[in-house]
2 protein chains.
Amino acid sequence: MSASAQKHDVFQAIADPTRREVLKLLSERELPISEITSHFSISRTAIAKHLKILSEAELVSGRKEGREKIYRLHPEPLSELKQFYDQFWSNRLSVLKHIVETGGENSGLKLIPSETEKKEP
Amino acid sequence: MSASAQKHDVFQAIADPTRREVLKLLSERELPISEITSHFSISRTAIAKHLKILSEAELVSGRKEGREKIYRLHPEPLSELKQFYDQFWSNRLSVLKHIVETGGENSGLKLIPSETEKKEP
DNA sequence: ATTATATAAAACCTTTTGGTTTCATGTCAA
DNA sequence: TTGACATGAAACCAAAAGGTTTTATATAAT
């Protein structure tokens with residue numbers, strides 16, 4: 001097992017709000033399709049398709065138990081999100097550049113006076 | 001400024017690989033459309049559309065300078081990604097649950113023997 | 001054996017996406 | 001003022017997304 005052709009990647013998988021909701025549901029406990037469906041206003045078939053996409057992205061897996069299929073979350077691939085995020089926001093020169101260039105506006109970070117400067121006003 | 005109707009959100013914006021590449025490019029320095037286009041094999045028009053989507057998600061902004069339009073990155077909204085990621089992976093009971101239930105397989109985390117147990121074999 | 005549940009699979013439909021090509025417009029350079 | 005850029009905007013297209021409905025199948029419960 002290794003190189004999977006992966007028709008759907010994590011980024012695509014989480015692009016849809018319904019799919020994000022499903023993941024949230026499954027983060028609490030594993031659930032059969034029917035129960036997942038009950039949380040939404042769309043058809044069971046539609047949910048099944050969403051689950052298929054999520055499982056292609058390896059974010060969930062389903063096992064059949066009796067007549068129902070029970071899905072469980074596999075949060076691992078979400079680390080790609082963090083990676084992507086970090087590419088722009090963590091320990092990166094570009095962030096410093098951004099802050100310097102903009103003076104920190106809108107950066108979510110601020111250039112603040114040092115401790116020593118702040119104390120004793 | 002506040003409630004923006006936001007036709008495209010961050011998740012949708014980064015769903016497309018080309019768009020992710022564009023963001024990467026812009027993380028180095030701001031660039032005019034033509035130059036961005038030169039990094040891809042698709043038309044300038046297509047790139048312009050991608051930029052529109054990115055700017056609807058407020059991930060980039062463009063200013064017109066002379067005859068060219070220069071785009072710059074606005075990484076702030078990407079924090080939504082981290083938020084989403086953290087929802088599943090950080091400081092969450094569900095993570096512990098997941099680890100306990102699976103014994104840590106595929107979790108990216110492991111249950112290892114404590115220091116004292118490990119020492120002196 | 002019969003019926004109700006839970007899902008699977010297929011066919012179909014509409015809207016959105018990701019592209020293209022074509023034409024118009026503003027700006028810089030000769 | 002005449003081109004040569006750099007874009008903007010519109011029309012058009014094929015394929016993918018997100019749904020629905022219908023039909024079939026396996027399993028549980030009576």
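Sequence lines set the chain letters: A, B, ... in the order given, protein chains first and strands last, and positions in each chain run from 1. Because the structure is a prediction, the values reported are computed rather than measured.
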Exercise. Between B:Leu25 and B:Phe40, is a side-chain contact (heavy atoms from CB on, under 4.5 Å) present by the stated rule, with each step listed?
Worked result: CA-CA 11 Å; B:Leu25 279 177; B:Phe40 299 88; 3.8 Å; yes
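- Heavy atoms of A:Gln12 sit under 4.0 angstrom from primed sugar atoms or phosphate atoms, though from no base atom.
- B:Arg44 has its CZ atom 18 Å from the P atom of C:dG18, to the nearest Å.
- Comment: B:Lys49 does not engage B:Asp16 in a salt bridge, judged by the lack of any side-chain N to carboxylate O separation of less than 4.0 angstrom.
- Atom CD1 of B:Ile47 is separated from atom OG1 of B:Thr18 by 6.5 Å, given to the nearest 0.5 angstrom.
- You'll find that the side chain of A:Ile33 is closest to C:dT7, out of C:dT22, C:dT7, C:dT17.
- The shortest side-chain heavy-atom distance between A:Glu68 and A:Glu35 does not fall under the 4.5 Å cut-off.
- Separating the CG atom of B:Asp16 from the P atom of C:dG18 is a distance of 5 Å, rounded to the nearest angstrom.
- When rounded to the nearest whole Å, the span between CG of B:Leu54 and P of C:dT17 equals 13 Å.
- Contacts of B:Glu65 with the nucleic acid, taken as non-hydrogen atoms under 4.0 Å apart, are absent.
- Annotation: of the two residues near DNA chain D, A:Ser41 and B:Glu68, the 5′-most nearest-nucleotide partner is B:Glu68.
- Ring planes of A:Trp89 and A:Tyr85: parallel class, angle under 30° (limits at 30 and 60°).
- Residues B:Leu26 and B:Ile36 have side chains in contact (heavy-atom distance under 4.5 Å, counting atoms from C-beta outward).
- A nucleotide of DNA chain D counts as in contact with chain B when one of its atoms lies under 4.0 Å from a heavy atom; the first and last such, 5' to 3', are D:dA4 to D:dA11.
- In this structure, the CD1 atom of A:Ile47 is 14 Å from the C1' atom of C:dT7, given to the nearest Å.
- For the pair A:Lys49 and B:Lys69, nearest-nucleotide mapping onto DNA chain D gives the more 5' position to B:Lys69.
- Side-chain nitrogen and oxygen atoms of B:Ser43 include none within less than 4.0 Å of the OP1 or OP2 phosphate oxygen of C:dG19.
- Contact check for A:Ile53 versus A:Leu59: no side-chain heavy atoms found under the 4.5 Å cut-off.
- We find that CD1 of A:Ile36 is positioned 11 Å from P of C:dA8, with the value rounded to whole Å.
- A close approach under 4.0 Å does not occur between any side-chain nitrogen or oxygen of B:His50 and OP1 or OP2 of C:dT17.
- Within 4.0 Å (heavy atoms only), A:Ser34 reaches sugar-phosphate atoms of the nucleic acid but no base atom.
- Each of C:dA9, C:dG26, C:dA8 was ranked by its minimum atom distance to the side chain of B:Arg67; first place goes to C:dG26.
- Comparing A:Thr45 and A:Pro32 by the nucleotide of DNA chain C that holds the closest heavy atom to each, the one mapping nearer the 5' end is A:Pro32.
- Not a single donor-acceptor contact under 3.5 angstrom links the side-chain atoms of B:Lys64 to the base of C:dT27.
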